[in-house]
Structure formats: structure tokens, C-alpha cells
Amino acid sequence: MDRRLLYRLWRYVPEPLQWAFLWWTNSKFLTGVLALIVDDQRRVLLLRHDYRRAGQWGLPGGQVKQHERLEDALARELREETGLIVEVGPIIAASADPKAPRLDLTYHCRVTGGRLALDAEIADARYFALDELPAGMFADQVELIERVVEEL
């Protein structure tokens, strides 16, 4: 069958059926959101996650829930994990995990309120200078931190 004819017919398919078809015929990804928070002294906020085997220290963030806006998910995750209220700024990086169906979006954020109060999955939270980043971090996060902080 001619592809042009199929495309023309597609516009007459009700939108819910179009979405269902696209959902079932395309890859699914877990979406993560991360925050790069830099204080006035050019230090970066990092969290030590209790549940990770590798890369225990890293940028704060988490997973996007179904029907949740990306920015809202990041603000929620930071509030839940750290007690901090943030203003979510622009996306500064996007990466896909080559080993898993996962997409991570990193935003530049600014703390606007709250008080540091860690939840059960976070063992520690600290600001680190570029030359004091903890060992064992994921290399892509270290590269991103160094690149962005030097541009500030």
C-alpha cells in the first residue's frame, strides 16, 4: 500500500487511537530528572544515596511519575529527598543510558527556600567545590559539573 495514502488516512483516526497505536509500537523509557545546584561560592550540591552500589555521591533528582510535568517532578523529588524548595531553570543536559531504556534530563536549579532535612534514601548532602568532588561519582556527572560550573 502507498505510504502517502496511509499518512492521509492517519489524520482521520481518532487521537486516542493514534496515541494507543504509538504507545504499543514504540520503545518505552524511564525518565529521570536531575538538578545541578550551585551556591554563591561555586560549590555544587551532591547527595549520597544509601541505595546505590556505584556512584553513591551524585546530583539530586529522581524519576518522573506518570502524567507529571518534568519540572514538577524535579521540584517534588528535591523537596522529598532534601526538604529544599527549588526554582527549576533550563535543561542543561540530556543523556540516554546505553544499557537501559532510560533518559535523564539535567536542569540548572536554584534553592529558594526550605531547610535541609534528608529522607531515608539519602545518607548525606553537602556542597562540594570542583576540586573536592568525592571519589566514585559517575563520570558523566563529573564532566557535566565541571563544564557548567566553569561557564558560570
Any chance CD of E151 has more than 12 other-residue heavy atoms, nucleotides or ligands included, within less than 6.0 Å?
yes
Residues at least two apart in sequence or cross-chain that pass salt bridge (Lys or Arg N to Asp or Glu O under 4.0 Å) with D50, listed by chain then number, are none
Rounding to 0.5 Å, atoms CG (L36) and CD (Q141) come to a distance of 9.5 Å
Subject >> Crowding at CG, D40 (>12 non-hydrogen neighbours, <6.0 Å) >> reply: no
Practice item. Starting from the C-alpha separation in whole Å, work towards a yes-or-no answer on side-chain contact (heavy atoms from CB on, under 4.5 Å) for K28 and W23. Key: CA-CA 8 Å; K28 313 301 183 280; W23 173 257; 3.2 Å; yes
Result for side chain to side chain contact (heavy atoms under 4.5 Å, CB included) between Y107 and one of L34, V88, L59 points to V88
In this structure, CD of E87 is separated from CD1 of I37 (nearest 0.5 Å) by 11.5 Å
* **Residue pair L9, V13: steps toward the side-chain contact (heavy atoms from CB on, under 4.5 Å) verdict** => CA-CA 7 Å; L9 290 173; V13 175; 5.8 Å; no
Sorted by chain and number, sequence neighbours left out, side-chain hydrogen bond (donor to acceptor under 3.5 Å, both in side chains) with D97 holds for none
- request: Answer yes when E132 and R43 have at least one side-chain N-carboxylate O distance shorter than 4.0 Å, and no when they do not.
  value: no
| request: Tell me, with the steps shown, if W10 and F21 meet ring pair (Phe, Tyr, Trp, His ring centres under 6.0 Å). | output: CA-CA 11 Å; W10 178 255; F21 176 80; 5.7 Å; yes
side-chain contact (heavy atoms from CB on, under 4.5 Å) filter on E77, not counting sequence neighbours, yields E80, E81
When rounded to the nearest 0.5 Å, the distance separating SG of C109 from CD1 of I92 is 8.0 Å
In this structure, CG of L103 is separated from CG of L30 (nearest 0.5 Å) by 9.0 Å
Start with the C-alpha distance between T82 and L47, add both sets of side-chain angles, then the distance that settles side-chain contact (heavy atoms from CB on, under 4.5 Å), and finish with yes or no. CA-CA 9 Å; T82 68; L47 306 182; 3.8 Å; yes
Just do the side-chain contact (heavy atoms from CB on, under 4.5 Å) check on L6 and D2 with the steps written out, would you?
-> CA-CA 7 Å; L6 288 175; D2 182 21; over 6 Å; no
- Check: H49 side chain, Q56 main-chain N or O, donor-acceptor pair, under 3.5 Å: yes
